[in-house]
Each structure stands twice: as structure tokens, then as C-alpha cells.
Amino acid sequence: MNVIGPRTAPPSGDPAGLPRPACSLGCSEPLRLAVLDLDGTLLDGFLARHAAEALAAVPGRDPGPARAALEFLARYEARAITHDECAEGFYRCYGRAVAGLAAERLAALEASAWSTARHALFEHAKPLVALLHRRGLHTWLLSGSPGHAVAAAGRELGVHHASGAVVEVRDGLATGRVAGRPAARGGKSKLLDETAAAVAVDWEHSFAIGDSSSDAEVLHRVGAGIAFEPDPALAEAARAHGWTTADRHGLLAVCRALLEAPAKAPDPAP
């Protein structure tokens with residue numbers, strides 16, 4: 001048994017799949033991470049939608065499960081369901097949609113989703129990544145969308161590392177189980193824990209940005225975090241914890257100010 005859906009954009013030999021920057025190969029300084037959500041934060045909409053649409057169009061396959069996955073995204077956007085409900089429903093239907101596909105075919109379909117989605121990048125996406133790199137942060141694109149699509153996005157954005165949803169594969173075929181589910185409750189927190197167990201992380205001087213309740217798991221960890229055009233659950237958490245909020249019109253200015261401010265200790269674990 002193995003999984004499909006790369007956890008990194010570049011190659012890595014690190015136990016958690018997180019590449020170390022050059023300085024950490026010869027110094028003991030912990031990583032200063034910048035954990036970036038994609039859907040709704042750097043991209044206007046869902047990259048997952050483009051992947052599901054590609055699956056629905058595969059000749060000779062039942063488009064029903066992929067269309068059901070798309071319906072969960074639409075219901076969340078209409079605020080008819082919560083983010084947790086959307087994630088659970090999407091992953092369940094997406095798994096059914098990919099079941100039986102050859103691993104290579106699935107990888108190609110997911111990667112092709114980025115070519116149809118990339119036009120929807122927010123104008124701030126690439127300048128934000130460049131700003132974070134100038135500040136010496138190690139960028140990690142952490143998204144609930146399908147892994148090969150997220151990896152393609154990560155390569156274009158130039159981040160150090162990219163992680164997305166991971167589909168289980170057995171004997172070269174997708175089993176229908178989504179084994180790695182960053183958008184589900186606890187999914188992003190699990191990946192952060194795995195990373196912290198493998199490499200030293202300076203959370204106090206790390207940064208995060210996201211727009212949904214799953215991103216609260218990341219914002220709790222870092223010293224500088226932004227709730228970007230947050231959904232209702234994240235907006236409530238931002239008010240409770242005093243997290244900075246921003247919209248697409250002023251994000252870069254807010255980021256510059258936040259990164260220049262004195263670091264604050266991360267919140268206690270929720």
C-alpha cells in the first residue's frame with residue numbers, strides 16, 4: 001500500500017517531508033515557517049473544484065461522485081454547511097470518484113487542475129510569497145485540495161514546500177480512501193505535529209494565513225497570523241483570540257506591518 005499526492009513540491013529527505021533551508025544544514029537555528037492556505041486565501045475559489053470537474057469529465061466513468069463532491073463545495077460557499085461538513089463530504093465523494101483510477105492517471109488529472117485554476121490566483125499571492133522569502137521565512141503551502149494540484153500550485157508560487165490531500169493507492173490503483181485530509185478537523189494540526197517532531201520550529205517567529213476554520217489550527221501555533229476574509233467560524237475565533245484580519249485590498253500592507261511588529265507568543269494549544 002502507498003499513497004498518491006505529493007507532500008512536497010521539491011524533493012526532500014526529511015522524515016516529515018519538509019525540506020530544510022540551506023542554513024539549517026550547517027546551523028542549529030529552528031525553522032521560521034510561513035504556513036499558507038491556498039483555497040480562498042491565495043486563490044479565488046477552490047482548486048479542489050477544478051480537480052473534481054476534471055474527474056467528472058473522464059470518459060467512461062460515473063460522474064456522479066465527482067458532481068456530489070462539487071455540491072459540497074457549493075453548499076459551503078453558500079454557508080449552508082460548515083467547513084467541517086464540507087471537508088468530510090468532499091473527501092468522501094472525491095474518494096469514490098477516484099476509486100479504481102490508475103495512480104499515474106490520477107496524478108495527471110489532479111495536476112491538470114492547476115492549469116485551469118491558476119488564472120484565479122489573487123494578485124497578492126506571488127508578492128506575498130516573495131515578501132515572506134525576503135523576511136527569511138520557510139514557506140509551506142498547506143491546502144485541503146488534491147495533492148498533485150497543490151504541488152503544481154506550489155511550483156508556480158515558488159514555495160519551499162507544498163502539501164495537499166493524499167489518496168491511498170494499492171497495486172497501482174486508487175482505493176477510494178483519502179488518507180491525508182488537511183481540510184478535515186485536525187488535519188492541518190496533525191501535519192504540523194509531524195513537522196515539529198522531525199525538525200525544530202520557531203513557532204513564536206512563524207507566520208500563517210488562512211480563511212477557514214481549519215486554519216485556526218495553524219493560527220493557534222504561530223506568533224504572527226492573519227485571518228483572511230474569514231468564514232464565520234474563523235471570524236469568531238479571530239475575535240476571541242485577537243488575530244489580525246485582512247481582505248484582498250490591504251493584505252500586503254497588513255502583512256508588512258505584522259512582520260515588522262515584535263513577535264508575540266503563540267496561543268496555548270486549543
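One-based numbering along the sequence shown.
- Residues His133 and His138 place their aromatic rings such that the two centres sit no closer than 6.0 Å.
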Do any side-chain atoms of residues 60-74 form donor-acceptor pairs under 3.5 angstrom with protein atoms, and if so which ones, sequence neighbours left out?
{"from": "Arg61", "atom 1": "NH2", "to": "Ala97", "atom 2": "O", "distance (Å)": "2.8"}
{"from": "Arg61", "atom 1": "NH2", "to": "Ala99", "atom 2": "O", "distance (Å)": "2.8"}
{"from": "Asp62", "atom 1": "OD1", "to": "Gly64", "atom 2": "N", "distance (Å)": "2.9"}

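- Inter-residue side-chain proximity for Asp37 and Asp211 is flagged as met; some heavy-atom pair is nearer than 4.5 Å.
- Side-chain atoms of Ser145 and Asp39 form a donor-acceptor pair, as typed in the model, at a separation below 3.5 Å.
- Using a 4.5 Å heavy-atom threshold, the side chains of Val167 and Tyr94 count as touching.
- Contact of the Leu33 side chain with the Thr139 side chain is not registered, since no non-hydrogen atoms from C-beta on lie closer than 4.5 Å.
- The environment of CD in Glu85 is crowded: more than 12 heavy-atom neighbours from other residues, nucleotides or ligands sit within 6.0 Å.
- Within 6.0 Å of CZ in Arg118 there are 12 or fewer heavy atoms belonging to other residues, nucleotides or ligands.
- Taking the side chain as every heavy atom from C-beta outward, Val150 and His148 never approach each other to under 4.5 Å.
- With respect to Trp140, the side-chain contact (heavy atoms from CB on, under 4.5 Å) criterion is satisfied by exactly one of Leu191, Leu36, Leu31, Val218: Leu191.
- For the pair Arg79 and Tyr76, the distance from NZ or CZ to the six-membered ring centre is under 6.0 Å and the angle to the ring normal is within 45 degrees.
- Residues Trp114 and His119 keep their aromatic ring centres 6.0 Å or farther apart.
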Please lay out, stage by stage, how Asp84 and Arg185 fare under the test salt bridge (Lys or Arg N to Asp or Glu O under 4.0 Å). CA-CA 6 Å; Asp84 287 346; Arg185 183 185 292 269; 2.4 Å; yes
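- In this structure the side chain of His220 never reaches within 4.5 angstrom of the side chain of Trp203, judged on heavy atoms.
- For the 3.5 Å distance criterion, the side chains of Ser189 and Arg221 qualify, holding a donor opposite an acceptor.
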